[in-house]
2 protein chains.
Amino acid sequence: MPDATTAPRTSRVRSWWGWGWADAQPDDAECTAMGALLPGTLPRPLPVPRIADQHIGRPGAEPPRSLAHLVTADPEPRAAHAMGKAYRDVIRALRGQPGRIPDLVAHPTRDQDVADLLEWAGQHNVAVVPFGGGSSVTGGVEYRGDTHHAVMSLDLTAMDQVLEIDTDSRAARIQAGTFGPALEDQLRPHGLTLRHFPQSFEFSTLGGWLATRAGGHYATGRTHIDDFTQSLRVVTPAGTSASWRLPASGAGPSPDRLFLGSEGALGVITEAWVRLQERPRHRASASLAFTDFHAALQGVRAIAQSDLAPANCRLLDSGEAALAGASRDGSAVLVLGFESATAPVHAQLAQALDLARAHGGRGGESAPEAGAPADAAVGAWRSTFLRMPYLRDGLARMGAVVETFETATTWNRLPALIDAIRTEVGTAARDITGHPATINCRLTHVYPDGAAPYFTVLAAGRPGDEVAIWDHLKSVAGDVLHRHRATITHHHAVGRDHRPGYDRQRPEPFALALRAAKHALDPHGILNPGVLVD
Amino acid sequence: MPDATTAPRTSRVRSWWGWGWADAQPDDAECTAMGALLPGTLPRPLPVPRIADQHIGRPGAEPPRSLAHLVTADPEPRAAHAMGKAYRDVIRALRGQPGRIPDLVAHPTRDQDVADLLEWAGQHNVAVVPFGGGSSVTGGVEYRGDTHHAVMSLDLTAMDQVLEIDTDSRAARIQAGTFGPALEDQLRPHGLTLRHFPQSFEFSTLGGWLATRAGGHYATGRTHIDDFTQSLRVVTPAGTSASWRLPASGAGPSPDRLFLGSEGALGVITEAWVRLQERPRHRASASLAFTDFHAALQGVRAIAQSDLAPANCRLLDSGEAALAGASRDGSAVLVLGFESATAPVHAQLAQALDLARAHGGRGGESAPEAGAPADAAVGAWRSTFLRMPYLRDGLARMGAVVETFETATTWNRLPALIDAIRTEVGTAARDITGHPATINCRLTHVYPDGAAPYFTVLAAGRPGDEVAIWDHLKSVAGDVLHRHRATITHHHAVGRDHRPGYDRQRPEPFALALRAAKHALDPHGILNPGVLVD
């Protein structure tokens, strides 16, 4: 979201247990009001958990004097590095049962620090969990094993600089621990931008995006951070891997593609050269309403299979549109946006609107050229998009269960998949909670050959059993995805929560190859144990 | 090239030693005429080599009765599977010193055949060299080792069917042994096309494209077959890897990206789901002349960094332009082409022409919308593009040395790289042959962050020493590429000829991981030994 890049940054405090800024969390009154809408929730919100109430023991390992300046065993940073920000993590914190709190938190400032820390950890059987912004929603930054002597969270955020900019090639060398806003701040004076704006933009880092193959700003074309990666620098226990800066190559399997998505299991990404762009000067956006969601899917397919390549092409079903305030009459809503640094984009928007109207889309007056947000629906959707994770935490405090998950599949399978998720996850939620569940769907990214639907599940009814309910719904959803051959994740990564689905999805010979690669690079098995391979 | 897809196909005979169709090779008179232009060549062409004159011994291994129907030890197929079609291969055949002739040639018709052949080969230490069209120009399909009991060429071309088409998702399941024209023939009735047109289109297969990360039709955007790959089926000695059909995924490192570019060293690609397109209905193309090649580079960069995404954006230096008949006054020539199935593309062409003119481009009247070939320069370039490999063989018969190699680098490094190749390879060629060499350059693919230059080196002067001269020039070129951190190959693959450059380029930890993956999938080390890893 462009808006996020210009959000004011202050010395605000991050929530240790929930999403984002502590002061942006809904207050008790807001939580109570949300809960009142959902039968079966608590009468009043669970209290905000305090670090002082956590049981944080003495660390199980102590680094040598030479590394002591990089490592802390203080309770606050340890608690804040215990988990990511999945619903499962938030509710565990609220229920006083957070994940394993790491023994140590390290803050390396350069590659050699990372290499030294890995060497020490390998010698002492200390699990190392790389940590960027900690916004994982799949259990990617915690330790769930029991075979290591101790656990060290490796926080990269002291490595937060744009080190070099090549304006000719429009690329920059950037340290992995750089948060989204800081990254854009350092690029802005050069008239350049990465334009990678995941929902977590404010609270996630370049290294995290790379390690998890994050999805970003663009709904078509270059949807993942992979597409913006020119080269990677990765510190592994077996040495540092530095690929060359290349616009493209055909020299064997791509080295970068092995580390993209490796989730800290093969090495620690410390920096990357990434591809930049000029800031867009031309924009046009509009939204259309559809009575029939399945007809809207066909309209979106027509746009995705054209040459138009909208930057934004997000289809909200009626529930999602209502939640975002983008529709009040039960319509599905398609939000379209075009942008360019080169030339006006009105013609492309007009062509896309024609395609959408041919499939039943109504409305779609385009917004003024330079104007963003465009129309009311577009603006409503944008602000809801950024506010949603905070509201999820408020609902968690009311004992509701909220799950968001995403996938991707080909067009021929998409309608049946969406129907199956609604039916089967809906039934499972009603059966386990005793209350009807809300299941909303939107398409976040679209391709000529398929699309990425994103589901939000909202259920309530058995406060106290939230984790078990969430695990059950996750399992049911994973089964549906598997049966429909839809990926276990389009851009949320595998982490630990998606391991069962991932293990069924990946080809077994690839798993053999990945395990062998892991063993070659991480012979002591200390890197983010449990992620991707055992 | 669109033209190639509609070329008539007959029962013409493939040359066993040279490029393409035997009857398309230049005749003796044409060879002599070409040689007369180059001081230091032979007075008359080397004779076309005959299989009957080759020393083809008894095979060193015999398959079991159960596989006998798939395998031949006849001299003709064995000779035709001994090498690829690099200059080095052609001249070795002409000089009566072809590469090691395989003991056996197998023609599997289904996956189980491939698995059975691999199992037998593993048990008997028989090297297996996967073979599609055999058009490798980097020594990718021959055996140069001495540690295997026998060598079997695994020819996939009996697996040549489009098995399934999903018109909703615009994708098809296609067997790996399908040649380019046969593939397009089977898609055409459905109104769809893969639009992957490497120079080798007529003589190469889908499996070969995938295994070597071939470069295709598009000069921007989706330049490699990688981008059109939805899923892969790969038979390995450790089992068959079948990835899911997904438009995109974020579930761990991409399984397909490990096998794309694996050059037969990790497994045998037997089929793939590939992404298709509608045939373009709108086209526009034009060419511009530039006095200053370096100014032209800047013009191309401006186009590559715009949103225009031309399908064709090929910059020919003055030598290349003269050779193609696209220019007679020493100008460099930029060939631009746009195409779309959705909407007219004149506006985009006009914008691209404006950008080129701002950097000194002259001319560029656009051709009629539906017209292809567009203008004279565009047409001349296209026909030269397809004729060039045959002319190379004619020059080889005159004892000239011809080498083409390609690379990619970022814009900031590109001008110095091109100058260094001209100077250093030119000097090396003059020193070793005693005659000045011709070095031409064109850009084949362009990216926002860099471009892929393609060099043609033409030298003559020491007939009889062609292989040594070629090896020397290849080594000098590889050194220049390494020093400038330009990839050893953008789309010709690594094979055996590029191994020294590849070994210096890839990060050592990645090499560790790749070796481990190879050992896990190919424990007996029988798959294309010597390619990528030892």
Side-chain angles (χ1 to χ4, degrees), chain A residues 166 168-171 213 223 230 236 238-239 241-255 257-258 260-262 275 305-307 340 342-343 351 408 410-412 447-450 485 487-491 493-494 502 505-510 512-513 516-517 519-521 532, chain B residues 166 168-171 213 223 230 236 238-239 241-255 257-258 260-262 275 305-307 340 342-343 351 408 410-412 447-450 485 487-491 493-494 502 505-510 512-513 516-517 519-521 532:
Chain A
D166 169 4
D168 277 357
S169 314
R170 298 206 312 205
R213 301 178 67 192
T223 54
Q230 194 180 68
T236 84
S241 175
S243 58
W244 290 4
R245 290 183 59 197
L246 297 172
S249 179
S254 163
R257 297 278 183 173
L258 180 66
L260 287 164
S262 61
R275 299 177 179 128
Q305 293 183 342
S306 73
D307 302 322
S340 170
T342 308
Q351 290 172 40
T410 46
W411 289 109
N412 62 322
Y447 302 88
D449 55 335
R485 295 293 184 272
T487 183
I488 191 67
T489 178
H490 173 268
H491 61 270
V494 175
Y502 174 68
Q505 175 175 336
R506 68 174 167 197
E508 189 48 38
F510 178 73
L512 283 177
H519 188 70
L521 298 181
L532 297 182
Chain B
D166 169 2
D168 277 356
S169 314
R170 297 205 314 203
R213 300 177 68 191
T223 55
Q230 194 180 68
T236 83
S241 175
S243 58
W244 289 5
R245 290 183 58 197
L246 296 172
S249 179
S254 163
R257 297 279 183 172
L258 180 66
L260 287 165
S262 61
R275 299 178 178 127
Q305 293 182 341
S306 74
D307 301 323
S340 169
T342 308
Q351 290 172 40
T410 45
W411 288 110
N412 63 321
Y447 302 90
D449 55 336
R485 293 295 184 270
T487 182
I488 192 67
T489 177
H490 173 268
H491 61 270
V494 175
Y502 175 67
Q505 176 175 334
R506 69 173 167 198
E508 189 48 39
F510 178 73
L512 283 177
H519 188 70
L521 298 181
L532 297 182

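Just so we're on the same page: letters track the sequence lines, and every chain starts at 1.
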## Note on the structure
Answer key: most heavy-atom pairs under 4.5 Å with chain B among A/Ala171, A/Ser254, A/Ser243, A/Pro448 is A/Ser254

### Message
If you count heavy-atom pairs within less than 4.5 Å of chain B, which of A/Gly450, A/Ala408, A/Ser249 leads?
### Response
A/Ser249

### Query
chain A heavy atoms under 4.5 Å from B/Arg485: which part of the residue, side chain, backbone, both or neither?
both

### Task
Below 4.5 Å from any heavy atom of chain B, which atoms of A/Asn412 appear? Answer side chain, backbone, both or neither.
both

#### Entry: Part of A/Leu521 lying under 4.5 Å from any heavy atom of chain B
side chain

### Message
Quick check for you: among A/His491, A/Gln505, A/Glu508, which has the greatest number of heavy-atom pairs under 4.5 Å with chain B?
### Response
A/Gln505

### Task
Give a yes or no answer on whether the side chain of B/Ser306 reaches the backbone of A/Thr342 with a donor-acceptor pair at less than 3.5 Å.
no

### Message
Strictly distance-based, threshold 3.5 Å: is any side-chain N or O of A/Ser169 a donor or acceptor partner for the main-chain N or O of B/Trp411?
### Response
yes

### Message
Using a 3.5 Å distance criterion without hydrogens, assess whether the side chain of A/Ser340 forms a donor-acceptor pair with backbone atoms of A/Ala343.
### Response
yes

### Query
Under the 3.5 angstrom rule, does the side chain of A/Arg275 hit a backbone N or O of A/Pro247 as a donor-acceptor pair?
yes

### Query
Heavy-atom distance under 4.5 Å to chain B: side chain of A/Leu246, backbone, both or neither?
both

### Message
What part of A/Gln351 gets within 4.5 angstrom of chain B, counting heavy atoms only: side chain, backbone, both, or neither?
### Response
side chain

### Query
Of all of A/Ala242, A/Ala517, A/Pro255, A/Ala238, which one pairs up most often with chain B through heavy atoms under 4.5 Å apart?
A/Pro255

### Query
Between B/Pro509, B/Ala516, B/Ser241, which shows the greatest number of heavy-atom pairs under 4.5 Å with chain A?
B/Pro509

#### Entry: B/Leu532 versus B/Tyr502, closest heavy-atom pair with distance
O-CE2, 3.6 Å

### Query
Checking A/Ile488 against chain B: side chain, backbone, both or neither under 4.5 Å from a heavy atom?
side chain

### Query
Based on non-hydrogen pairs under 4.5 Å, which of B/Ser262, B/Ala493, B/Ala248 is most in contact with chain A?
B/Ala248

### Task
Count the heavy-atom pairs under 4.5 Å between each of A/Arg506, A/His519, A/Gln305 and chain B, then report the option with the highest count.
A/Gln305

### Task
Using the test side-chain hydrogen bond (donor to acceptor under 3.5 Å, both in side chains), find all partners of A/Gln230 that sit at least two apart in sequence or belong to another chain.
A/Arg245, B/Asp449

#### Entry: Heavy-atom contact with chain A under 4.5 Å, split by part of B/Thr236
side chain

### Summary
Comparing A/Ala520, A/Gly239, A/Ala513, A/Gly252 against chain B, the one with the most heavy-atom pairs below 4.5 Å turns out to be A/Gly252

### Message
Taking every non-hydrogen pair under 4.5 Å, which of B/Gly261, B/Pro253, B/Pro507 racks up the most with chain A?
### Response
B/Pro253

